[in-house]
J.: 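Got a structure for you, questions after.
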Amino acid sequence: MYKDKLDILNTLAPWLGKTSKMMEALLTHQFKKDNIDVSVKQWLLLKFLYIKDGQSQNQLAFLTDRDKGSLTRLINTVEKKNLIARIPSKEDKRVNLVYLTKKGTKVYEASKTSLHVITKTLHTGITDEEISTTINILKKVIENIKMELDKGDE
């Protein structure tokens, strides 16, 4: 544990934050290099629709951890690129379901090559055991955060 503010670099927080920012930068760089015209946030939306197409905006807001206004702006941007389409639900006309277009599916499938390159880069010089240990540690960190956040709900 750290004793004072000067020792913060020996805690997980700054390293997790820096890693997250660098991951987004690497994804953006690789997508540009591979001529994939989507941001990381747009790509995440495509990914969730690729996994399960025809989701409501409420479901997507939850999955992408975005508020409804922010998600609506994101959907508008991706829709202008003709990667997704909003179609009113047959059961409830007030609900729009979001679907991948053929172009959206092609863009997502093309991104798999980029992800393979990125994964290879990330794993360079790291053993399978180290990767497994890191994943287990990150899972524990996530659980610790969830437990702390749940305390606030009590």
Side-chain angles (χ1 to χ4, degrees), residues 8 11-123 126 128 131-154:
I8 192 98
T11 69
L12 292 173
W15 297 105
L16 291 172
K18 186 173 186 165
T19 302
S20 177
K21 286 179 184 176
M22 291 185 77
M23 278 293 307
E24 187 164 344
L26 180 61
L27 279 165
T28 300
H29 171 78
Q30 192 64 46
F31 285 164
K32 282 182 183 175
K33 191 174 171 182
D34 295 341
N35 295 313
I36 297 171
D37 184 28
V38 292
S39 70
V40 173
K41 290 173 178 69
Q42 293 168 4
W43 177 83
L44 277 171
L45 181 62
L46 297 180
K47 178 187 120 177
F48 286 118
L49 291 170
Y50 189 83
I51 292 168
K52 182 178 183 250
D53 209 11
Q55 296 191 61
S56 72
Q57 290 183 217
N58 282 342
Q59 290 167 315
L60 291 168
F62 175 76
L63 289 171
T64 59
D65 197 27
R66 300 176 77 80
D67 61 65
K68 290 179 185 178
S70 172
L71 179 71
T72 298
R73 288 187 298 279
L74 178 64
I75 286 173
N76 288 340
T77 302
V78 180
E79 193 172 36
K80 285 176 188 169
K81 293 181 175 187
N82 296 314
L83 302 176
I84 61 170
R86 280 183 275 209
I87 299 171
S89 167
K90 290 177 183 166
E91 290 83 34
D92 185 348
K93 297 293 181 200
R94 297 169 297 171
V95 175
N96 282 321
L97 299 179
V98 183
Y99 291 88
L100 278 175
T101 61
K102 287 181 182 178
K103 181 179 177 185
T105 300
K106 286 180 184 176
V107 167
Y108 180 78
E109 288 176 347
S111 76
K112 290 179 181 182
T113 302
S114 300
L115 294 174
H116 180 71
V117 169
I118 289 166
T119 300
K120 209 170 157 186
T121 299
L122 291 176
H123 291 194
I126 303 172
D128 289 345
I131 291 168
S132 179
T133 299
T134 302
I135 291 168
N136 288 330
I137 290 168
L138 291 173
K139 284 178 181 178
K140 288 178 182 179
V141 169
I142 289 167
E143 278 307 307
N144 291 344
I145 292 169
K146 283 181 183 177
M147 285 188 337
E148 188 62 30
L149 291 173
D150 287 346
K151 284 182 190 176
D153 294 338
E154 294 172 356

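FYI, the numbering just counts along the sequence from 1. What you see is a predicted model, and the numbers here were worked out from it, not measured in a lab. All heavy atoms count here, side chains included; hydrogens, waters and symmetry mates do not.
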J.: If a pair satisfies salt bridge (Lys or Arg N to Asp or Glu O under 4.0 Å) and one of its residues is in residues 134-146, list it, with sequence neighbours excluded.
T.: Glu143-Lys146
J.: List, one per line, each side-chain donor-acceptor pair under 3.5 Å for residues 42-50, sequence neighbours excluded.
T.:
residue: Gln42; atom: OE1; partner: Ser39; partner atom: N; Å: 3.1
residue: Gln42; atom: OE1; partner: Lys81; partner atom: NZ; Å: 2.8
residue: Trp43; atom: NE1; partner: Ser111; partner atom: OG; Å: 2.8
residue: Tyr50; atom: OH; partner: Glu109; partner atom: OE2; Å: 2.9
residue: Tyr50; atom: OH; partner: Lys112; partner atom: NZ; Å: 3.3

J.: How would you list, by chain and number, every residue that makes a side-chain contact (heavy atoms from CB on, under 4.5 Å) with Thr101, sequence neighbours excluded?
T.: Ala85, Lys103
J.: Could you pull out all residues at least two apart from Phe62 that satisfy side-chain contact (heavy atoms from CB on, under 4.5 Å)?
T.: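 Counting only residues at least two positions away or on another chain, Phe62 forms no side-chain contact (heavy atoms from CB on, under 4.5 Å).
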J.: Is there side-chain contact between Leu138 and Leu16, with at least one heavy-atom pair below 4.5 Å?
T.: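 Of all side-chain heavy-atom pairs linking Leu16 with Leu138, at least one is under 4.5 Å.
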J.: What is the distance from atom NZ of Lys102 to atom CG of Leu83, rounded to the nearest 0.5 Å?
T.: 15.0 Å
J.: Verify the neighbour count for atom NZ of Lys90: are there more than 12 heavy atoms of other residues, nucleotides or ligands below 6.0 Å?
T.: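 No, not enclosed.
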J.: Are there over 12 heavy-atom neighbours, none belonging to His123, within less than 6.0 Å of that residue's NE2?
T.: yes
J.: List in chain and number order the residues that pass side-chain contact (heavy atoms from CB on, under 4.5 Å) with Asn58, two or more places apart in sequence or in another chain; answer none if no residue qualifies.
T.: Ser56, Lys68
J.: Does Thr134 have any side chain to side chain donor-acceptor pair (under 3.5 Å) partners at least two apart in sequence or in another chain, and if so, which?
T.: none
J.: Is it the case that more than 12 heavy atoms not belonging to Asn136 sit under 6.0 Å from its CG atom?
T.: yes
J.: Suppose we screen for side chain to side chain donor-acceptor pair (under 3.5 Å). Which residues come up paired with Asp92, at least two apart in sequence or across chains?
T.: Arg94
J.: Out of Val78, Leu74, Leu60, which residue meets the side-chain contact (heavy atoms from CB on, under 4.5 Å) rule with Ile84?
T.: Val78
J.: What pairs of donor and acceptor atoms, side-chain ones from residues 22-36 against any protein atom, are under 3.5 angstrom apart with sequence neighbours left out?
T.:
residue: Thr28; atom: OG1; partner: Glu24; partner atom: O; Å: 2.9
residue: Gln30; atom: NE2; partner: Asp34; partner atom: OD1; Å: 3.3
residue: Gln30; atom: NE2; partner: Asp34; partner atom: OD2; Å: 3.1
residue: Asp34; atom: OD2; partner: Ser114; partner atom: OG; Å: 2.5

J.: Go through the structure and list residues passing side chain to side chain donor-acceptor pair (under 3.5 Å) with Arg73, not counting sequence neighbours.
T.: none
J.: Kindly write out the residues that satisfy side-chain contact (heavy atoms from CB on, under 4.5 Å) with Lys52, not counting sequence neighbours, or none if the list is empty.
T.: Gln55, Gln59
J.: Considering residues at least two apart in sequence or located in another chain, which fulfil the side chain to side chain donor-acceptor pair (under 3.5 Å) criterion with Ser70?
T.: Arg66
J.: Looking at Thr121 and Val117, would you say the former's side chain and the latter's main chain have a donor-acceptor pair under 3.5 Å?
T.: yes
